[in-house]
Amino acid sequence: MINNDNVKLITVNASRKYQVKIGGGLLKSAGEHVKEVVNASKIALVTDDTVDALYAKGVQKSLEENGFSVCKFVFPHGEQSKNLDTYGEILNFLAQNQITRTDALVALGGGVVGDMAGFAAATFLRGISYIQMPTTLLAQIDSSVGGKTAIDLKAGKNLVGAFCQPSLVLCDTDTLSSLTKEIFEDGMGETAKYAVLDKRIFDLLQNEDYDIKELVYLCVDYKRAIVEADEFEGGKRKLLNLGHTPAHAIEKLSGYQISHGKAVRMGLDIILNSSISHGLVEKKCAEQIKCAMDKCAKAQAVSYSVEQMAKACLADKKRSGDTVTFMMIGGVGNVIEKKVPITEIEGYLR
Ligand code: GLY
């Protein structure tokens, strides 16, 4: 019998209904939670080398104790692995291990693992069930929820992917204490986005001693509402792209040496400054927003020229014909969509 005491539960009512469980120690009973949601006999456990050393053994043991036979695929950590080659290797691994449509995949790790393993699950045999077990802050607050799966191409980030909701998301908040300062701050860079989008998160961050579990809960709950309203990003879900157009350009220009969360934090500063100069946000409000974002993480200076950034933005998947969509800041909980002609992009990146 699963003990859900001290576990925060969020149900996402998307095209597939599933739960996000948030709490300490969840990975220890991973098998029991998985057994509740899939009727598989085999589980393909996909992870990277860093997470493999920390958590894969325990997760595998719990899955096996609950009757699953487990095969494991491990790839080198980092955004550089999120490509067609690794994706192909995962598909071949699933085929070699005779994973069938009634089996399932577990994505154990950060955003790269979740995005790429999720995409493999979405496409192998035209789709098998998968479970997200995010182990980084960024993956827990954002990328593991909502069913976006993808890999990168040389031309840009997340250019190939699918919307495919997981069957379950297990956020074990104990894993956050094993993160390096750098990886934790990466997640806080993405949290800064939620501080602008949601007044509850903006307010929580005013308290120096906030509970990290509460932060994860509020971010996931905000995302839940957005995904339920607009799963396939026809409208409202674009709010979650705040800061991401410049961020993806920065990631690409750095050869993915600048991590996603850090790039988002830099992108948010660019968008805030641009929102001020376009008269979209009052100065005092902008200062409060900057202060809340800085509490999450301070932005690194951008070392690329506006011209370089504008060129990189042209490959953004949010481009539509001759316009690129920029999400601008009007205040806390007030994001304004601007369709910017490609000839005017530079004016939004200063
Ligand atoms: N990370 C943005 C989204 O899931 O829509």
Side-chain angles (χ1 to χ4, degrees), residues 79 111 138 142 150 152-159 185-186 188-197 233 235 237-294 296-350:
E79 189 77 28
L138 193 144
D142 192 76
D152 304 335
L153 295 182
K154 285 202 180 75
K157 196 173 151 94
N158 292 342
L159 291 188
E185 279 179 9
D186 189 53
M188 289 307 290
E190 187 89 34
T191 304
K193 170 184 90 177
Y194 285 103
V196 185
L197 293 173
E233 204 168 297
R237 190 162 180 172
K238 291 182 196 158
L239 292 175
L240 297 173
N241 294 332
L242 182 65
H244 280 56
T245 299
H248 286 169
I250 290 167
E251 284 182 86
K252 187 179 164 200
L253 287 166
S254 77
Y256 299 103
Q257 293 304 306
I258 298 179
S259 60
H260 180 66
K262 286 210 172 70
V264 168
R265 181 64 195 86
M266 292 156 88
L268 287 167
D269 263 13
I270 292 173
I271 293 296
L272 184 62
N273 290 335
S274 179
S275 300
I276 297 168
S277 63
H278 283 86
L280 298 171
V281 61
E282 282 173 15
K283 202 159 172 269
K284 185 154 180 276
C285 178
E287 277 165 11
Q288 287 167 343
I289 289 173
K290 169 93 172 119
C291 183
M293 295 197 306
D294 281 349
C296 295
K298 291 253 195 314
Q300 260 172 247
V302 179
S303 59
Y304 306 108
S305 69
V306 169
E307 292 76 18
Q308 282 176 304
M309 292 280 294
K311 200 166 162 218
C313 281
L314 296 181
D316 196 283
K317 65 181 172 326
K318 295 175 286 306
R319 176 175 169 184
S320 160
D322 281 345
T323 60
V324 174
T325 302
F326 278 76
M327 306 309 291
M328 307 297 287
I329 297 171
V332 177
N334 177 12
V335 169
I336 303 155
E337 183 177 343
K338 286 264 176 213
K339 290 195 188 309
V340 180
I342 51 175
T343 49
E344 292 171 28
I345 291 177
E346 289 185 17
Y348 283 76
L349 293 167
R350 285 183 207 289

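In what follows, every heavy atom counts, from backbone to side chain, and hydrogens, waters and symmetry copies are set aside.
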- Query: Hey, does E251 have a side-chain heavy atom less than 4.5 Å from the side chain of H248?
  - Reply: yes
- Message: Test your reading of the model: is there a side-chain donor-acceptor pair from S274 to the backbone of I270, 3.5 Å cut-off?
- Response: no
- Hey, what do you get for CG (L272) to CD1 (I276), rounding to the nearest 0.5 Å? 4.5 Å
- Item | Working for side chain to side chain contact (heavy atoms under 4.5 Å, CB included), residues L197 and L240 | CA-CA 8 Å; L197 293 173; L240 297 173; 4.1 Å; yes
- Side-chain contact test, heavy atoms from C-beta onward, threshold under 4.5 Å: evaluate it for P246 versus M266 and give yes or no. no
- Item | Which atom of T245 lies closest to which atom of C313, heavy atoms considered | CG2-SG, 3.8 Å
- Query: Side chains of E190 and H244: donor-acceptor distance under 3.5 Å anywhere?
  - Reply: yes
- Flag the pair E185 and K298 as a salt bridge only when some basic side-chain nitrogen lies within less than 4.0 angstrom of an acidic carboxylate oxygen. no
- Drop me the distance from K157's NZ to Y256's OH, to the nearest 0.5 angstrom. 6.5 Å
- Query: Can D152 and K252 be counted as an ion pair, charged N to O under 4.0 angstrom?
  - Reply: no
- Message: As a quick check of understanding, evaluate side chain to side chain contact (heavy atoms under 4.5 Å, CB included) for D186 and K262, giving each step before the final call.
- Response: CA-CA 5 Å; D186 189 53; K262 286 210 172 70; 4.1 Å; yes
- Note on the structure: G189 and L268 have their tightest heavy-atom pair at O-CD1, 4.0 Å
- Is K311 salt-bridged to E307, cutoff N-O under 4.0 Å? no
- If every non-hydrogen atom of I250 is compared with every non-hydrogen atom of G267, which pair is closest and at what distance? CD1-N, 4.4 Å
- Task: Would you check if L349 and Y304 make a side-chain contact, meaning some heavy-atom pair closer than 4.5 Å?
- Result: no
- Message: For the CG atom of L280 and the SG atom of C285, what is their distance to the nearest 0.5 Å?
- Response: 11.5 Å
- Message: Looking at R265 and D294, is there a salt bridge between them, counting it only when a charged N and a carboxylate O are closer than 4.0 Å?
- Response: yes
- S305 backbone acceptor or donor facing Q308 side chain under 3.5 Å: yes
- Task: Check for a donor-acceptor pair, side chain of D142 on one end and backbone N or O of L138 on the other, with a separation under 3.5 Å.
- Result: no
- Query: Could you give the distance from NE2 (H278) to CZ (R350), rounded to the nearest 0.5 Å?
  - Reply: 9.5 Å
- Query: Is it true that the side chains of E79 and H260 contain a donor and an acceptor less than 3.5 Å apart?
  - Reply: no
- Task: For M293 and D269, run side chain to side chain contact (heavy atoms under 4.5 Å, CB included): C-alpha distance rounded to whole Å, both residues' side-chain angles, the deciding distance at 0.1 Å, then the answer.
- Result: CA-CA 9 Å; M293 295 197 306; D269 263 13; 3.6 Å; yes
- Report yes if the side chains of S275 and I271 come closer than 4.5 Å at any heavy-atom pair, otherwise no. yes
May I have the list of side-chain donor-acceptor pairs in residues 320-339 shorter than 3.5 Å, sequence neighbours left out?
unit_1	atom_1	unit_2	atom_2	d
T323	OG1	S320	O	3.1
E337	OE2	K238	NZ	3.4
E337	OE2	K339	NZ	3.1

